[in-house]
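Here is the structure we will look at.
Chain naming here is simple, since letters A, B, ... match the order of the sequence lines and numbering starts at 1 in each. The shown structure was predicted, so the numbers you read here are calculated from the model rather than taken from an experiment.
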There are 2 protein chains.
Amino acid sequence: MASRAKATIFDIAREAGVSKSTVSLVLQGSGLIRPETAVKVRKAIEDVGYVYNRGAANLRKAHSNVIGMVINDLTNPFFAELAVGMERVFQSAGIVPFIANTAENPVRQEEVLKSLMEQGVAGLIVSPARGTTPGAFRRLEMAGVPVVFAMRRLPESRIPVITPDNHRGAYLATAHLVGKGHRRLAFFGGSSDLVVYHERLGGFREACETLGIEPRDALIIEGETNRKGGMACLETSLAMAEPPTAALCFNDAVAFGVMLALRKRGLEPGPDFAVVGFDDVVEAEHYMPALTSVAVDSAGLGERAAHVMIKMIQSRTTRAEDHIGAVNLVVRESCGPDRRAKARSAKTGGAA
Amino acid sequence: MASRAKATIFDIAREAGVSKSTVSLVLQGSGLIRPETAVKVRKAIEDVGYVYNRGAANLRKAHSNVIGMVINDLTNPFFAELAVGMERVFQSAGIVPFIANTAENPVRQEEVLKSLMEQGVAGLIVSPARGTTPGAFRRLEMAGVPVVFAMRRLPESRIPVITPDNHRGAYLATAHLVGKGHRRLAFFGGSSDLVVYHERLGGFREACETLGIEPRDALIIEGETNRKGGMACLETSLAMAEPPTAALCFNDAVAFGVMLALRKRGLEPGPDFAVVGFDDVVEAEHYMPALTSVAVDSAGLGERAAHVMIKMIQSRTTRAEDHIGAVNLVVRESCGPDRRAKARSAKTGGAA
DNA sequence: CCTATTAAATGGAACGTTCCAATAAATCAA
DNA sequence: TTGATTTATTGGAACGTTCCATTTAATAGG
């Protein structure tokens, strides 16, 4: 119970009747010490209730084994998945990553980054907060700490990026809607301060152009990237002279909002108005109706980001190639039956 | 680009033409140094691209300002909320907490705890993984590190706990069901290796007893604490001779599963079978039908836990009082209308 | 039996900070 | 002026580890 002064390797040394250097060697698992000595030392370690002081060690050693993951919104399961994916590979590499949340706040992010640096991290994986200034990572670059961006990129930056293929995802989703016979489309939610927004919107626009949808039939409404934003977008669009009949949403949360708003108006998501989401969070599958969405495999991207980081650390470089992850459209029920074909019976088997 | 050897306070000292001690004082914001000197030093700090080495400082200082939060499942928004609540208060106290995820795995938890200790944390807030052995925190107690448990408690442990009033929550929910006219009830999901389970189940049982429900009409089915578990529980219960007409679920995820399974059988959650959840996650409000659930204010509990931790650190104690957070039943649509009010026409039991 | 080689263990310096005691400079009381 | 006091600044010794250069012990080669 009494927590007497913290035990150090000197205490262990005394207990085991060896020198501090020997203890240090044992701690590092060096093969230079006689097995019986090692056993003796390990017993002493146990007896004195020793806890390794990594701070002291890092003072002498070149590199720490701490990696920081900076996430913009942990309450969003989508980003939580990303973190979990990274953790998985770090774990198997014997590294314990520390996660910090910025709550989408650039000031907070600055603090977090500073703190992590002071802690002497070996590397940083960051999903930058919205509104991050381009200079925010200058200090890190100066310090030569390897950094990779996950899920989001910054406008102009040489830092390697791991993101899903947003452009293609949006293209696929839009093509799906056109294929269902829709001719007046909308892109709901998101705002232009996010690079992701431009990527997804770009895919939407390209699909419209390629597939012969007039620009005036491709409505774009910015909005919050949550349920509320989705509800607002739908209301706005339905108030127009020639409202769209289908929408690609910036993400699933927006899509859920749109479906909620439809229901509130007595419209049925799917038959009455087609909705596609983006991200394919777990909820999407269980919604009523199940949401068609672009799956991005965020856990997989997390794993990839972690691998890249480990490589960077090993090769002591601060550069790496970008990685664009494959996406695929998961078709469920929220786009209803084909518009031009006859209405099929309501019971569609959920394609997974 | 070139990351020349890390700058230390000596480099700053040379640059500013003062001694290292002066620099140290400036870094600590001591009022002892002349303002003009401080300005000079701060400029030098900026110029050399200095980053504070907290590890070195902690070696000398009494304690670090790092606090660890160990969460059993970050992908569960419920626990993510808890983490965010804690973060909020730590932030305003100038502390950057590090979050680590154990993915409900006691072995992983052990590693995480060890790593955090080695890092020299000043305190630890833990939501223990399922199946944590009672001895898992002995080392921490020996080291005199303040620990508080959040959301979950361990069977026998002197470590302070911050949890919602599970017993009362379950009691309220059960009473609500009885008040709606249900006489054959069920408790779905969870398993007895979790203390929370016993607390919630206890509330359910007490309510049944107090309100005159026979034990044989109070069905208890253990199961996974996710959607799948909920679906399984419902199936099992409906296969019985006299199936229940209402269920209190271990948590919202189970409740969602139950509702899903009901729909799959062509039954309407609410009118045909009443469902109450526990935790009141954001989704609950938006589900179809909206889920009646016991709100526990996890962010609030997180804040409370953080406050307790800060107190403990300041008063250098490892003990504190438990705190049981208030809960309240949020009534929505998943329990349908009153049973006795309506004619007893709709038979709910053995569908199929 | 002596020396060369290998194996095992060790002492000392260094890492970047803080803190204490000591100094130097400026101010005050007499 | 002189000593006492206050105000700013400073050098040196820790803190707990790692790593290098040595020392000591054990083994092999002749």
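- Looking at heavy-atom distances under 4.0 Å, B:Leu27 makes no contact with the nucleic acid at all.
- The NZ-C1' distance, from A:Lys40 to C:dA9, rounds to 10 Å in whole Å.
- A:Ser21 comes within 4.0 angstrom of a base, heavy atoms only.
- Computed from coordinates, the A:Asp11 CG to D:dC15 P distance equals 11 Å when rounded to whole Å.
- Residues B:Pro35 and B:Arg60 both approach DNA chain D. Their nearest nucleotides, taken by heavy-atom distance, put B:Pro35 toward the 5′ side.
- Using a 4.0 Å cut-off between charged side-chain N and carboxylate O, A:Glu199 and A:Arg153 make a salt bridge.
- Contact check, A:Ser24 against D:dT17: no side-chain N or O comes under 4.0 Å of OP1 or OP2.
- Going from atom CD1 of B:Ile9 over to atom P of C:dT17 covers 5 Å, rounded to whole Å.
- Using cut-offs of 30° and 60° for the angle between ring planes, the A:Phe149 and A:Phe137 rings count as perpendicular.
- Position along DNA chain D of the nearest nucleotide to A:Lys20 versus B:Ile33 favours B:Ile33 as the more 5'-ward residue.
- Counting any heavy atom pair closer than 4.0 Å across all strands shown, A:Tyr52 reaches sugar-phosphate atoms only and no base atom.
- Atom NZ in B:Lys6 sits roughly 16 Å away from atom C1' in C:dA14 (whole-Å rounding).
- Computed from coordinates, the B:Asn58 CG to C:dC19 P distance equals 11 Å when rounded to whole Å.
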Kindly determine whether A:Val39 and A:Glu36 satisfy side-chain contact (heavy atoms from CB on, under 4.5 Å), including the steps that lead there. CA-CA 5 Å; A:Val39 169; A:Glu36 355 168 5; 5.6 Å; no
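- Nearest-nucleotide assignment on DNA chain C puts the 5′-proximal partner with B:Leu59, out of B:Leu59 and B:Gln28.
- The separation between A:Leu32 atom CG and D:dC20 atom C1' is 13 Å, rounded to whole Å.
- Protein atom CG of B:Asn53 is 18 Å distant from nucleotide atom P of D:dC15, rounded to whole Å.
- Listed for the A:Asn65 side chain is no donor-acceptor partner under 3.5 Å among the backbone atoms of A:Ile95.
- For the pair A:Arg54 and D:dT17, the criterion of a side-chain N or O lying under 4.0 Å from OP1 or OP2 is not met.
- You'll find that the side chain of B:Thr37 is closest to D:dT9, out of D:dT9, D:dC19, C:dA9.
- Between C:dT10 and A:Ser19, a contact under 4.0 Å exists linking OP1 or OP2 to a side-chain N or O.
- No side-chain donor-acceptor contact under 3.5 Å links B:Arg54 to the backbone of A:Glu118.
- In this structure, the CZ atom of B:Phe10 is 11 Å from the P atom of C:dT18, given to the nearest Å.
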